[in-house]
There are 2 protein chains.
Amino acid sequence: MQDVSSQIILAAKPEPGPPAQSHAGLLFLREEEFRVAQDALFFALRDLTVAPDAILAELNMGRAHHRCLHWISRKPELKVGELLEILAITKQSLARVLGPLIDEGYVLQVKGQKDRRQRLLTLTEKGAALERKLFEAQRERLAAAYREAGGQAVDGFRRVLRGMTKDQGRRYLDEVETGRTGKAGKPAQ
Amino acid sequence: MQDVSSQIILAAKPEPGPPAQSHAGLLFLREEEFRVAQDALFFALRDLTVAPDAILAELNMGRAHHRCLHWISRKPELKVGELLEILAITKQSLARVLGPLIDEGYVLQVKGQKDRRQRLLTLTEKGAALERKLFEAQRERLAAAYREAGGQAVDGFRRVLRGMTKDQGRRYLDEVETGRTGKAGKPAQ
DNA sequence: CCTATATGACAGTAGTACTGACTTAAAGGC
DNA sequence: GCCTTTAAGTCAGTACTACTGTCATATAGG
């Protein structure tokens with residue numbers, strides 16, 4: 001990965017005066033790259049969650065509820081087991097948030113027709129409305145970032161995030177992405 | 001907006017521009033862009049935190065401890081007030097993690113020489129060693145992502161994250177970035 | 001001297017997550 | 001029809017992170 005390093009150095013400084021070239025300095029800059037990524041991820045996530053958190057707090061909910069609503073919205077008729085895989089939490093942790101969401105009418109649960117042990121999850125109208133409200137609360141910030149950075153940057157953004165994701169997550173990313181651009185309907189359940 | 005929609009489908013729209021309301025399908029595709037960003041952010045963060053979490057768990061610590069160590073490492077002689085600003089949590093929440101870190105010798109606290117009300121935070125050798133261990137645990141995943149995506153993608157990645165960040169965070173990002181490339185005032189140990 | 005600031009500390013609450021054990025219902029193999 | 005596995009639900013107990021509100025101490029600055 002030799003020529004990538006120079007790109008990385010250039011990426012660090014859009015207007016590089018003297019882009020530190022010594023070998024010792026190179027290693028240092030590579031590490032600094034990762035540190036800056038940590039910084040930026042932290043700030044972006046911190047600021048992105050402020051708006052939805054405020055809405056959720058009024059409903060006595062937290063981010064875990066948002067994550068459930070998000071993924072059920074993304075993959076209607078999601079199996080409980082799939083949701084557990086995606087969230088990578090325990091059944092008990094999920095139950096604490098999913099139970100109330102069902103009880104309060106945000107999520108509908110129906111038995112699978114093929115495998116009747118399964119409980120397929122779908123948002124109710126009420127759930128879809130809340131999910132949309134939460135999405136809209138983040139949308140502006142996301143849109144501003146995309147507008148500011150430009151389309152090429154957005155592409156890079158997604159490619160780096162994908163690179164950080166393990167295989168299991170990548171399969172979901174691929175499924176969701178191809179599911180929409182292709183047949184524009186429900187992705188394979 | 002003319003044939004931008006096809007570019008959006010390719011996820012490589014070079015010129016996002018203002019929201020185009022003329023085509024119903026266009027709005028949907030723009031929304032899908034943001035949804036995919038949410039998905040990717042979720043997975044990347046989920047997978048990025050697995051390795052440090054395992055190390056922290058053995059020390060009876062959590063992510064909040066990691067964040068403290070990270071930022072004190074980034075800005076040695078950090079004031080408590082600055083750390084509170086960065087983390088955007090309450091003093092009480094910080095005390096619960098910072099107190100033990102000081103008690104157990106990970107963080108050193110010294111009175112400010114100019115303003116003796118301040119307590120400047122610096123990592124001890126023990127703290128720097130733990131911070132490094134946590135960093136190295138994430139490094140491989142970050143490095144793989146950067147290598148896979150390429151330098152240009154990394155630049156876009158950072159620009160989008162920066163775009164999501166509010167002014168306060170941007171000031172810190174700028175400070176840390178220029179502080180290292182320029183004057184090299186306090187390079188990471 | 002007085003007020004504002006920087007920090008620290010206490011009490012109580014809530015959200016998210018964990019482990020471990022147990023139950024029910026249905027699928028699938030034999 | 002047994003029997004094992006799988007999908008899902010449930011209970012008890014614990015820990016981490018965060019919140020609000022209140023109060024205390026030391027120091028800076030006018």
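Proteins come first, then strands; the chains are lettered A, B, ... in the order of their sequence lines, and each starts at number 1. FYI, side chains are in, hydrogens and waters are out, and symmetry mates aren't considered; it's all heavy atoms of this structure.
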- If each of Ala95(B) and His65(A) is mapped to the nucleotide of DNA chain C with the nearest heavy atom, which maps nearer the 5' terminus, i.e. the 5' end? Ala95(B)
- Message: Test your reading of the model: is there a side-chain donor-acceptor pair from Arg159(A) to the backbone of Gly150(B), 3.5 Å cut-off?
- Response: no
- When we call it a touch if two heavy atoms are under 4.0 Å apart, what does Ala88(A) touch: a base, just sugar-phosphate, or nothing? sugar-phosphate
- Message: From CD of Glu82(A) over to P of dT6(D), roughly how many Å is that when rounded to an integer?
- Response: 17 Å
- Task: Mark yes or no for whether Arg119(B), through its side chain, and Gln109(B), through its backbone, hold a donor-acceptor pair below 3.5 Å.
- Result: no
- Interatomic distance where CG belongs to Leu94(A) and C1' belongs to dT19(C) [whole Å]: 16 Å
- Message: With a 4.0 Å limit, can you tell me whether Thr90(B) has a side-chain N or O closer than that to the phosphate oxygens OP1/OP2 of dA18(D)?
- Response: no
- Task: Give the nucleotide from the list dT5(C), dA18(D), dA7(D) with an atom nearest to the side chain of Arg117(B).
- Result: dT5(C)
- Task: Considering just the side-chain nitrogens and oxygens of Ser93(B), establish if one lies under 4.0 Å of OP1 or OP2 belonging to dC19(D).
- Result: yes
- Query: dA27(C), dA18(D), dA12(D): which one has an atom nearest the side-chain heavy atoms of Ala64(B)?
  - Reply: dA18(D)
- Query: What pair of heavy atoms forms the shortest contact from Thr124(A) to Val107(A), and how long is it?
  - Reply: CG2-C, 3.9 Å
- Separation of dT5(C) C1' from Gln118(B) CD (nearest whole Å): 10 Å
- Task: Report the distance from atom CG of Leu84(A) to atom C1' of dA8(D), rounded to the nearest whole Å.
- Result: 9 Å
- Describe the nucleic acid contact of Arg96(B) in one word from base, sugar-phosphate, nothing, applying a heavy-atom distance below 4.0 Å. base
- Message: Between dT10(D) and Gln92(A), counting only base atoms on the nucleotide and side-chain atoms on the residue, is there a donor-acceptor pair under 3.5 Å?
- Response: yes
- Report the nucleotide, chosen from dT10(D), dA27(C), dT16(C), that has the shortest atom-to-atom distance to any side-chain atom of Lys91(A). dT10(D)
- When you measure from the side chain of Arg162(B) to the backbone N and O of Ala40(A), does any donor-acceptor pair fall under 3.5 Å? no
- Task: Could you check which of dA17(C), dC19(D), dG15(C) has an atom nearest any side-chain atom of Ile89(A)?
- Result: dA17(C)
- Message: Does a side-chain N or O of Gln109(A) approach OP1 or OP2 of dG9(D) to a distance below 4.0 Å, or not?
- Response: yes
- Query: Which nucleotide, dA26(C), dC19(D), dG9(D), lies nearest any side-chain atom of Arg119(A)?
  - Reply: dG9(D)
- Would you mind reading off the distance between Ile102(B) atom CD1 and dG8(C) atom P, rounded to a whole angstrom? 6 Å
- CE of Met61(B) versus P of dC16(D): gap in Å, rounded? 11 Å
- CG of Leu101(A) versus C1' of dG9(D): gap in Å, rounded? 16 Å
- Query: If you look at every heavy atom in Ala44(A) and Thr165(B), which pair is closest and at what distance?
  - Reply: N-OG1, 3.5 Å
- Query: Asp53(B) and His66(B): side-chain donor and acceptor closer than 3.5 Å?
  - Reply: no
- Please give, in whole Å, the distance from dT25(D) P to Asp115(B) CG? 19 Å
- Start at the 5' end of DNA chain C and walk down; is the nucleotide closest to Lys114(A) or to Arg63(A) reached first? Arg63(A)
